[in-house]
Amino acid sequence: MDTFGIWVAAFLTLGIISFLYRDNPWYKVCESIFVGISAGYWFVTLFYDNILGLFWRGVTSPDPHYMLLVGAVLGFMMLLRLVPPIGWISRWPLAFVVGATAGLYIINYFSSNVMLQVQSTLAPLFSTKFGQPIFEASLYDTIGNLVIAGGTFTGLVYFFFSKEHKGVFGGAARIGIWTIMITFGASFGYTVMSRMSLLIGRMEFIFGDWLRLIR
Amino acid sequence: MRREVPLIITAVVGVIFVIQYFIPHAPFNQFNSWFSDWFAIIGACAIWLGALNLMRISADKIYRRRSGWGYAAIIIASFLLIATIGFAGGSQFRDPGTGFDWLYTWVYSPLSATMFALLAFFVASASYRAFRARNLEATLLLLAAFFVMIGRVPVGDAIGSFIHLPESLMPSKITIWIMGFINSAGQRAIMIGIALGIVSTSLRIILGIERSYLGGD
Amino acid sequence: MKQDLLLFGALIVIVAMIFLLVPKPIVFSTTVSYLIIGLILLALIFIFIRTINGHFVGRRIVFLFVGIAVVLPFFMKIHQPIRVSPEVQTVYDSTAQLKPGSKVLVSFDYDPASAPELQPMAESYFRLCLEHDLKIIIMGLWPQGPQQAELALQIALADSSIVKKKLERGIDYVDLGFQTGNEFVIQRMGTDFRTMFPRDTRGIPYDSIPLLRDVRNFSNIDYSFNLSAGYPGTVEWIQVAVDRYGLKLGAGNTGVQATGMYPYLRAGQLKGLLGGLSGAAEFERATGKEGTATFYMLPQSFSHVIVIAFILIGNAAFFLGEKNKARKEQK
Amino acid sequence: MTFNSSVRFFLKVGSVITNRTILFSLTLLLWASLSAAQPPVDSSTAGLFNTPPPDVTPVAPRNLVVMDNPNDAGHAVIITWDSSIDDHPGGKVTAYKILRSQNKESGFAKVAEVPAGSQQYIDNDAADNIPYYYKIMAVNSSRQAGQLLWQVSSETDIFGPVESKPQWFDMRRLNVFIGMIILCGLIIFYINQAKSGKKLFIRKIAGLDAVDEAVGRATEMGKKIFFIPGTSDMDNVQTIAGITILGRVAQLAAEYETWIEVPVSRSLVMVTAKEIVKEAYTKAGRPDSFRDEQVHYLTDDQFGYAAGIDGMVVREKPATIFFMGNFYAESLILSETGNSIGAIQIAGTGQPSQLPFFVAACDYTLIGEELFAASAYLSREPKLLGSLKGQDIGKAIILVAIIVGILLESFNLFQLSNYFKVIG
């Protein structure tokens, strides 16, 4: 079964790669299989994991979690979309999800992205830690600290919406967008690496596992 | 009923989920995990809507003999195949040795991994096309990408020692500096900005100012 | 359509030929390797000259070169030096300096799609822990995570120096498996592991596992290593386990994710980071045992050089094009 | 340690007399006599398998404090103590045992054993509103091959009663609370100000100015518009922000009578997007032109979704593609394919790691916060613009805090960063 599996996998792998040449029937077959199989995969997995595993087992366990029933009711309301005359009820669970998401996001992002990031930006420029002698850090770290402070500051200035980017303010915003561009370039360059490794993994499958050409 | 009730639900639930963070007292300390459970159940119910939609659109294509209807048939067939095997397998459906596991290992995984691997090609073509020193911004993008790219592979430092660069100017060192300082600064600015945008958007949702997600009457 | 079929036919013939005629495995000698590199360089120079003359290459040529750069090095015999960066060294030091018997929590938060980058990290990390007699607790926030962990564990356990130790599941390492709930799992683990993982993957109750006897929550964990490919992953571990419960955390990330981790690294919330395949290779270097990642580094370097070459070609053409344009405008 | 041995220790120390040693010794003497006055309850030398060697009994820890664990949901008592003076590497303490009872006189049972060096234990098994008494035992034991050879210990006094209670406010998060109140207050304030008719400026955002042009081009060419709302579900604010923009784009498309297609990867998003597009067509005065199949589901799978869209893009060759929402690795797969067929592409995401790819492959990219400003920018609705102004003032406060904070910290004047710490 595994030998057959390797051949199937090789067929599908090459089919997807053939898309690089151009759209063709082979790719179309692989694409359709992918859409169907993956939709079915999640359909089955979510049923077993969430409906059976989480809800049903939670409610029927000796120590039942009745709170799960709320989720079931909301989920059922969602399914009422299938009954057009009362389909509008599905807006209730949606409103619930959106409300809870909005509430959670306010807190999570405010505490983690605003508070914590500001906290880490507030660091001494010329020493490594608060309380250390003032000019204790190396030149490398001092320049770095200045770059971090200046980059974060000007980067934020770039995001101002209600003030025209002119004069000194505009200059700061310009430095901000430079910082952001360098960040993007660095992230991109760094990513090239891991994308290549994914391809290496696939090619090892084709030339190693399937064609057996690699030691 | 169709618009007001959902708006009230959003507002009340939104406020509760904000304040739960500050209240360690039961039941507020439970809300977070309750919501994750509830959302999992709602999502698992809602996927029926999606799956039915996929089946209906594909069946419609076949019925009307639209171009590519044969591929629509493959979508339906592969969906039904994995769903049948999965549901026939009972709660042990994905144990090693089952049909579901076979489909996962030899069909789903290779397809996923290969689609992901296409990125290697796209990264190359995107950088070939987009990284041109058109203006100052594009040049900075290009230079940062360039240094990080050569700094992240051993070849970079090999070249560095070949032309006798001082230790602190080795490509790998420059990479670490860019990643550790400029990149940190840029990421931080973006992250703080995003957080402010998210707080503001969420607040507008809770206040009912942003309500288009509810659709019309 | 006809053209497609012809191509498919040609491909089938090639595959058949490889299966029937080509000797296996193929290994190029060093001379042949350098010869091939020279040929690729020549081809690049040819493209460069064409581009300067105004013939831009299409996407497909770029694709072809990337493909060649990734595949050919598999067969080459070339050694390249690897330097260990400080964030990688931190992971190594934090782990290697633990006292024998210390408990290490390793969370597998990725799926097979990211295995090429993260699997080598998992293998060498396990090997390092087992060599230093650390106790490993495995878990996963992604459904397929623990399966990946088992694969890595098998490889680490098969190592000759580790086989000698006669390690036992439940005493020296334990796999708690996957649990749904993303960051909430981490949060509940903050008070008690047992509520989230009542049994290990073999179905043995938490309390009956010798390794876990004194492990109640994060305060009993000496170091934690998280292998992550997205959400939930390192960010969630930092936000919950590190910020709220003071866990000491190191991470192995895909290259993409790794950039986002540097702020946390600088803020000290993260103790060490392996970024992408090169992070894995550096870690192998630090542990002194070269493995998959080091083998993968050659195609990696090659493909990098190809991408950089094309960026240079594109820019040279762009500048020369601008110059030509300016000259025409002057006339 | 007995009184006599303390005296001997005192005499030895006394041979080098300085002021500090006198003070130190007196303190020690005072403490030693106190501990001697209360004979240890369980200074047992009960050998279990062997008789312990002489002089191995550790001194009990001091300064035990038991109190309700603050800022929690109850069920927890926090016990802190100062280590026994015998607790040092190679010292006479191997562990501490925490004993608990509901009765002051008797019934003490072990709740936990923590290693030497610990100075705190949180008893998470306490029931709320029940008085408990605690004491701690310093233990010295010796093991060989897993076998307990001997064990000796000494106990502290009994402390308590203490009751565990849940709290209604987590004081550790007060700073987050205040910060959030300020930011939300500012946003609400400016929303109200905008409502009352104050004109607000908003800077140019190129990506959003291009929306009209992009839709117009699709109309001219008689081709489709694709709108990709990302691969996250409705439990992500980015998705909500993305499909809010879909509302404006779909209305524009409906006015131009151009076909807009929205393939989605989440069922809840499909439901919501359908409502939004339908409403947009109604607003544009063409409710009958809306077709149900304009919004359709592909698969929940990230890469299955990308494969499907790639196929659609190369076959149907849309003139314009929007990417608005949360994206992961599929961002570049989708945008490079879109680029290869020459479509105008406008992207926006708050996923920092994917922004570089959109910047490289798309014509316009909304960077992070700009995505969330888009609905205000496109609609020019005063209330929405007001919230942007509030956001900006919040940003200004952060900028001031950064400058002031960094200066204060650089010259060791004040550690402002402590006020931004998120605990608990």
Side-chain angles (χ1 to χ4, degrees), chain A residues 5 8-9 12-13 16 28 32-37 39-40 43-44 46 50-51 55 67 71 74-75 78-79 88 91 95-96 99-100 102-107 109-110 113-114 117 144 147-148 151-152 155-156 159 178-183 185-186 188-190 192-193 195-196 198-199 202, chain B residues 2 6 9-10 13-14 17-18 21 34-35 37-38 40-42 44-47 49 51 54 71 74-75 78-79 82-83 86 106-108 110-111 114-117 119-121 123 137 140-141 144-145 148-149 152 178 181-186 188-189 191-193 195 198-199 202 205-206:
Chain A
V8 170
L12 296 170
T13 302
I16 294 284
K28 286 185 201 171
S32 309
I33 292 176
F34 197 1
V35 170
I37 287 283
F43 185 67
V44 172
L46 286 185
N50 295 354
I51 300 206
F55 169 68
M67 271 297 158
L74 293 170
M78 208 62 232
L79 285 177
W88 52 270
R91 285 180 188 180
F96 182 90
L104 284 175
Y105 267 65
I106 287 187
I107 277 306
Y109 272 81
F110 187 75
N113 277 27
V114 178
Q117 291 305 325
V147 165
I148 286 208
T152 311
L156 269 177
F159 286 114
W178 295 343
T179 314
I180 290 172
M181 282 301 155
I182 294 176
T183 305
F188 195 112
Y190 204 92
V192 170
M193 186 98 200
R195 296 322 186 211
M196 291 304 164
L198 295 164
L199 182 61
R202 270 342 272 162
Chain B
R2 294 188 178 197
I9 293 177
T10 307
V13 173
F17 275 88
V18 171
Y21 178 79
W34 283 348
F35 177 66
D37 288 351
W38 293 340
I41 297 170
I42 297 174
C45 290
I47 200 170
L49 299 173
L54 179 67
Y71 301 109
I74 297 180
I75 293 181
S78 42
F79 179 89
I82 193 166
W106 299 116
V107 179
Y108 177 84
L111 280 169
T114 313
M115 203 64 208
F116 205 173
L119 270 177
F121 298 103
V123 157
E137 277 89 10
L140 290 171
L141 190 82
V148 172
M149 254 187 239
R152 287 302 292 174
I178 293 177
F181 294 108
I182 308 187
N183 183 60
S184 287
R188 228 169 244 175
M191 276 159 86
I192 295 176
I198 282 183
V199 170
S202 305
I205 291 169
I206 291 174

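Labels below follow one simple rule: chain letters A, B, ... track the order of the sequence lines, proteins then strands, and each chain is numbered from 1.
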For [X] and [Y], work out which heavy atoms get closest and say how close.
X        : Y        : result
A/Gln117 : B/Met191 : NE2-CE, 3.4 Å
B/Val148 : A/Tyr190 : CG1-N, 3.5 Å
A/Val192 : B/Met149 : CG2-CE, 3.8 Å
A/Thr152 : B/Ala189 : O-CB, 3.8 Å
B/Ile206 : A/Ala102 : CG1-CB, 3.9 Å
B/Ala44  : A/Ile51  : CB-CG1, 3.5 Å

How long is the straight-line distance from [atom2] of [Y] back to [atom1] of [X], given to the nearest 0.5 Å?
X        : Y        : atom1 : atom2 : result
A/Lys28  : B/Ile74  : NZ    : CD1   : 11.0 Å
A/Asn113 : B/Arg188 : CG    : CZ    : 11.5 Å
B/Leu141 : A/Trp178 : CG    : CH2   : 14.5 Å
B/Ser202 : A/Ile106 : OG    : CD1   : 5.0 Å
A/Leu46  : B/Ile41  : CG    : CD1   : 12.0 Å

With a 4.5 Å cut-off on side-chain heavy atoms, are [Y] and [X] touching?
X        : Y        : value
A/Leu12  : B/Thr114 : no
B/Val199 : A/Val114 : no
B/Val123 : A/Phe188 : yes

Just say parallel, tilted or perpendicular for the rings of B/Phe35 and A/Phe96, cut-offs at 30° and 60°. tilted

How are the rings of A/Phe43 and B/Phe79 set relative to one another: parallel (under 30°), tilted (30 to 60°) or perpendicular (over 60°)? tilted

Most heavy-atom pairs under 4.5 angstrom with chain B, which of A/Thr13, A/Ile180, A/Val8, A/Thr179? A/Thr13

Pick whichever of A/Leu79, A/Leu104, A/Val35 has the most heavy-atom pairs under 4.5 Å with chain B.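 Top option by heavy-atom pairs under 4.5 Å: A/Leu104.
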
Just jot down the ring-ring contact (aromatic ring centres under 6.0 Å, His included) partners of A/Tyr105, sequence neighbours excluded, or say none.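 ring-ring contact (aromatic ring centres under 6.0 Å, His included) list for A/Tyr105, sorted by chain: A/Tyr109.
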
Sequence neighbours left out, what passes ring-ring contact (aromatic ring centres under 6.0 Å, His included) with B/Phe116? Give chain and number order.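 Here the qualifying residues are D/Phe303.
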
Give, as side chain, backbone, both or neither, the part of [X] having an atom under 4.5 angstrom from any heavy atom of chain A.
X        : answer
B/Tyr71  : both
B/Leu119 : both
B/Ala40  : both
B/Leu111 : both
B/Ile182 : both

Quick one: what part of A/Phe159 sits under 4.5 Å from any heavy atom of chain B, side chain, backbone, both or neither?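 Side chain of A/Phe159 only, per the 4.5 Å heavy-atom cut-off to chain B.
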
Please assess A/Ile182 against B/Asn183 for the test side-chain contact (heavy atoms from CB on, under 4.5 Å), listing each intermediate value before the final yes or no. CA-CA 7 Å; A/Ile182 294 176; B/Asn183 183 60; over 6 Å; no

Between B/Ser78, B/Gly14, B/Ala51, B/Ala195, which shows the greatest number of heavy-atom pairs under 4.5 Å with chain A? B/Ser78

Answer yes or no: is there a donor N or O on one side and an acceptor on the other, between the side chain of B/Trp34 and the main chain of A/Gly71, under 3.5 Å? no

